[in-house]
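Working notes, beginning with the structure itself.
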Amino acid sequence: MMAAAAAVRRAASGLSPLLLSSLPRTSLRHSESLPRLLRPHRIPPHPAKPFCSAALSSNGAAAERARDLHLYNTKSRRRELFRPRAPGGEVGMYVCGVTPYDDSHIGHARAYVAFDVLFRYLRYLDYEVRYVRNFTDIDDKIIARANQLGEDPFSLSKRYSDAFLSDMAHLQCLPPSVEPRVSDHIDQIVNMIKQILDNGCAYVVSGDVYFSVDNFPEYGMLSGRKLDDNRAGERIAVDERKKNPADFALWKAAKDGEPWWDSPWGPGRPGWHIECSAMSAQYLGNSFDIHGGGEDLIFPHHENEIAQSRAACCDSSINYWIHNGFVNVNSQKMSKSLGNFVTIRKVIEQYHPLALRMFLLGTHYRSPINYTVEQLNVASDRLYYTYQTLRDSEESTQKDQINSEDALPATTTHCIEKLQNEFETSMSDDLHTSVALAAISEPLKVMNDLLHTRKGKKQEKRLESLFALEEKIRTVLSVLGLMPSSYYEALQQLREKALQRASITEDQVLQKIEERTSARKAKQYEKSDEIRKELAALGIALMDGPDGTTWRPSVPFSEQGVVANKT
């Protein structure tokens with residue numbers, strides 16, 4: 001049967017959907033509490049080879065060049081060809097994680113979706129990747145919030161860490177290889193501070209340990225800032241005990257009511273910056289390939305990381321510093337003080353999580369992104385169209401048995417080769433996900449023609465073409481993290497979310513459809529149009545067909561002009 005052939009081919013390609021029950025137990029921590037419709041689709045450790053060998057053979061050199069990954073390096077301020085430190089070995093990637101003292105926001109979503117795509121694409125290019133993302137589970141903000149709520153700091157950070165992992169699973173971010181917590185790595189942090197002191201780049205004041213920027217001439221190499229730019233009271237804490245206002249804490253002496261650990265300098269806890277230097281060295285070594293995070297971390301956090309790591313080990317180096325851009329909300333910088341702080345949880349109450357992911361991938365990761373409800377509605381609409389096309393194709397190809405090894409029509413082969421080239425070229429050019437998403441538009445159109453038009457239904461090798469096109473789009477969606485465990489389930493949830501946003505039930509929609517059908521039979525066309533417009537205003541589109549009228553989610557009619565003017 002066709003379905004069996006599909007399963008065999010997808011398993012061979014490494015893209016067979018994995019059910020939650022089939023995942024290793026170590027990866028379930030992100031997914032155990034997810035509802036069935038939100039089960040994350042995961043690409044296996046070795047994703048599919050780039051499409052089909054036939055497509056590569058015609059122009060192998062060009063295809064190989066397209067797969068040469070270039071990344072923008074903040075340190076050099078230019079795009080660079082990616083070359084791992086250990087060719088044939090693991091790629092080491094460290095991404096700064098969250099400080100879990102509140103629900104995660106869409107800025108976090110932006111960062112971790114971006115680096116999840118990098119993780120997936122590196123694996124697609126056949127790299128083994130060791131991806132480390134930490135939790136800062138002890139910090140001034142955590143302590144302040146815990147005191148405010150009368151809660152133990154570690155209990156609070158554990159609660160918000162778990163909520164973060166749930167958010168990441170909903171967004172289909174793959175679990176990192178390692179997720180260290182600061183509280184489990186105090187010994188490594190203390191040892192690194194000792195090394196920095198021994199190398200003359202730090203000093204002790206009343207139980208506090210400070211890094212001395214004057215003793216590290218390379219300070220500012222990442223951000224391009226000079227020491228004169230570091231005015232106390234802005235980015236750095238005012239402390240008259242410092243030798244230089246730009247000096248920063250490696251170890252903080254214990255205060256009443258705060259967690260503390262023993263150290264050679266007395267009881268205390270780590271400063272913010274030292275933790276990432278210690279944990280990245282613990283799991284990736286003193287030198288590794290990629291360090292990532294948000295643009296706001298370039299200074300002071302990542303600048304201080306470089307200083308600490310090199311002061312502790314002069315051979316320490318990181319080849320590529322990658323940073324994602326900011327998120328604005330309705331063209332204003334997102335912040336709690338402005339009251340426009342949007343959490344991931346709040347968004348996915350109203351929208352399918354993959355609609356948020358689709359929205360985020362629609363802008364290049366280094367560019368600022370402007371979050372608006374209108375643009376999120378567009379992303380949700382596009383996601384529905386994509387899954388509906390693939391679902392229709394899947395249903396059609398499962399009905400009949402075909403020989404999947406037969407040669408495809410030239411037009412189909414050309415469409416597949418074009419998708420392959422555009423996808424790999426755009427992704428290898430510093431992860432231009434928006435271009436990669438645009439590349440599936442033409443294949444989806446071709447599939448809809450084959451599915452629904454009179455001319456398309458007469459095409460030679462129609463089912464074989466549908467099957468092949470759907471397979472290639474699956475590959476793109478898998479690498480972008482947009483492949484659902486089931487098209488049907490994803491479509492159902494998109495419909496449910498649309499009804500929820502419209503404050504209407506499906507029974508009420510069906511009743512409106514019946515009223516409209518009766519009005520049309522009675523030639524009351526004005527009433528029929530009013531019903532259609534009423535539902536369109538709510539984001540419910542009616543579609544007339546030979547089997548009657550159905551509905552689907554859509555961009556609310558009042559927003560369509562706004563979106564068109566912004567694009």
Side-chain angles (χ1 to χ4, degrees), residues 5-6 8-17 41 43-44 46-71 81-82 117-127 358 361-362 364-365 382 385-387 389-390 393-394 397 402 404-450 459 461-483:
V8 170
R9 291 191 64 193
R10 284 168 186 157
S13 71
L15 285 170
S16 182
H41 175 86
I43 54 176
H46 299 283
K49 296 295 183 286
F51 298 92
C52 55
S53 57
L56 289 174
S57 62
S58 62
N59 193 359
E64 193 62 33
R65 284 196 299 274
R67 299 185 68 227
D68 280 342
L69 176 61
H70 289 78
L71 296 170
L81 179 64
F82 178 71
V117 169
L118 176 55
F119 182 33
R120 288 168 178 267
Y121 193 60
L122 286 167
R123 292 167 66 181
Y124 170 83
L125 295 177
D126 283 339
Y127 291 110
M358 173 79 88
L361 295 179
H364 186 242
Y365 78 94
R382 186 176 183 188
Y385 165 73
T386 301
Y387 292 163
T389 303
L390 298 175
S393 173
E394 187 176 63
T397 55
I402 64 168
S404 57
E405 301 304 321
D406 282 355
L408 296 170
T411 53
T412 302
T413 302
H414 173 74
C415 188
I416 290 171
E417 290 177 348
K418 187 171 182 286
L419 173 57
Q420 171 189 338
N421 181 61
E422 291 180 354
F423 169 68
E424 292 190 349
T425 299
S426 60
M427 291 296 288
S428 292
D429 181 18
D430 197 30
L431 305 178
H432 272 80
T433 52
S434 58
V435 181
L437 281 172
I440 70 173
S441 295
E442 183 180 341
L444 288 172
K445 181 181 182 299
V446 170
M447 291 175 74
N448 272 300
D449 287 342
L450 292 170
Q459 291 293 315
K461 302 289 185 182
R462 169 178 169 268
L463 293 180
E464 288 82 355
S465 292
L466 282 170
F467 183 73
L469 287 163
E470 193 252 341
E471 265 202 322
K472 307 317 168 187
I473 293 175
R474 287 174 65 92
T475 301
V476 173
L477 295 180
S478 292
V479 176
L480 295 177
L482 290 169
M483 187 65 207

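Quick note: numbers below take in every heavy atom, side chains included, and nothing from hydrogens, waters or symmetry partners. Residue indices begin at 1 and follow the sequence shown.
- Between the Asn421 side chain and the Glu417 main chain, no donor and acceptor come within less than 3.5 Å of each other.
- For the pair Leu466 and Glu470, the minimum side-chain heavy-atom distance is 4.5 Å or more.
- Using modelled atom types, no side-chain atom of Arg474 and backbone atom of Met483 make a donor-acceptor pair closer than 3.5 Å.
- Of all heavy-atom pairs between Ser465 and Leu450, the closest is CB-CD1, 3.9 Å.
- With a 4.5 Å cut-off on side-chain heavy atoms, Glu442 and Lys418 count as touching.
- In this structure, the side chains of Phe423 and Val479 come closer than 4.5 Å at one or more pairs of heavy atoms.
- Remark: the backbone N or O of Glu422 is not paired with any side-chain donor or acceptor of Thr425 at under 3.5 angstrom.
- A 4.5 Å side-chain heavy-atom check between Leu480 and Met358 finds every atom pair outside the cut-off.
- Contact annotation: the side chain of Tyr385 approaches that of Asn448 to within less than 4.5 Å [non-hydrogen atoms, C-beta and beyond].
- Within the 4.5 Å cutoff, no side-chain heavy atoms of Thr389 are placed close to those of Ile473.
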**OP:** Take Leu477 and Thr386 through the side-chain contact (heavy atoms from CB on, under 4.5 Å) test and state the conclusion after the steps.
**Re:** CA-CA 10 Å; Leu477 295 180; Thr386 301; 4.2 Å; yes

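- Summarising the geometry of Ala436 relative to Val476, their closest heavy-atom pair is O-CG1, 4.3 Å, with the distance given to 0.1 Å.
- The closest side-chain heavy-atom distance from Tyr124 to Thr475 is below 4.5 Å.
- Between Tyr127 and Tyr121, the gap from one ring centroid to the other reaches at least 6.0 Å.
- Looking at His70, its side chain never comes within 3.5 Å of a backbone N or O of Leu431 through a donor-acceptor pair.
- Smallest separation of non-hydrogen atoms from Leu71 and Asp430: CA-OD1, 3.5 Å.
- When every heavy atom of Leu437 is checked against every heavy atom of Ile440, the shortest pair comes out as O-CG1, 3.1 Å.
- Within the 3.5 Å criterion, the main-chain N or O of Leu408 finds no donor-acceptor partner in the side chain of Thr412.
- Judged by a 6.0 Å distance limit and a 45° cone about the ring axis, Arg123 is positioned over the six-membered ring of Phe119.
- Annotation for Leu419 and Ala439: closest pair CD1-O, 3.5 Å, computed over non-hydrogen atoms.
- Contact detail for Leu444 and Leu390: the closest heavy-atom pair is CD2-CD2, 4.3 Å.
- Note that the CG atom of Leu81 and the OG atom of Ser428 stand 10.0 Å from one another [nearest 0.5 Å].
- Between Thr411 and Val446 the shortest side-chain heavy-atom distance does not fall below 4.5 Å.
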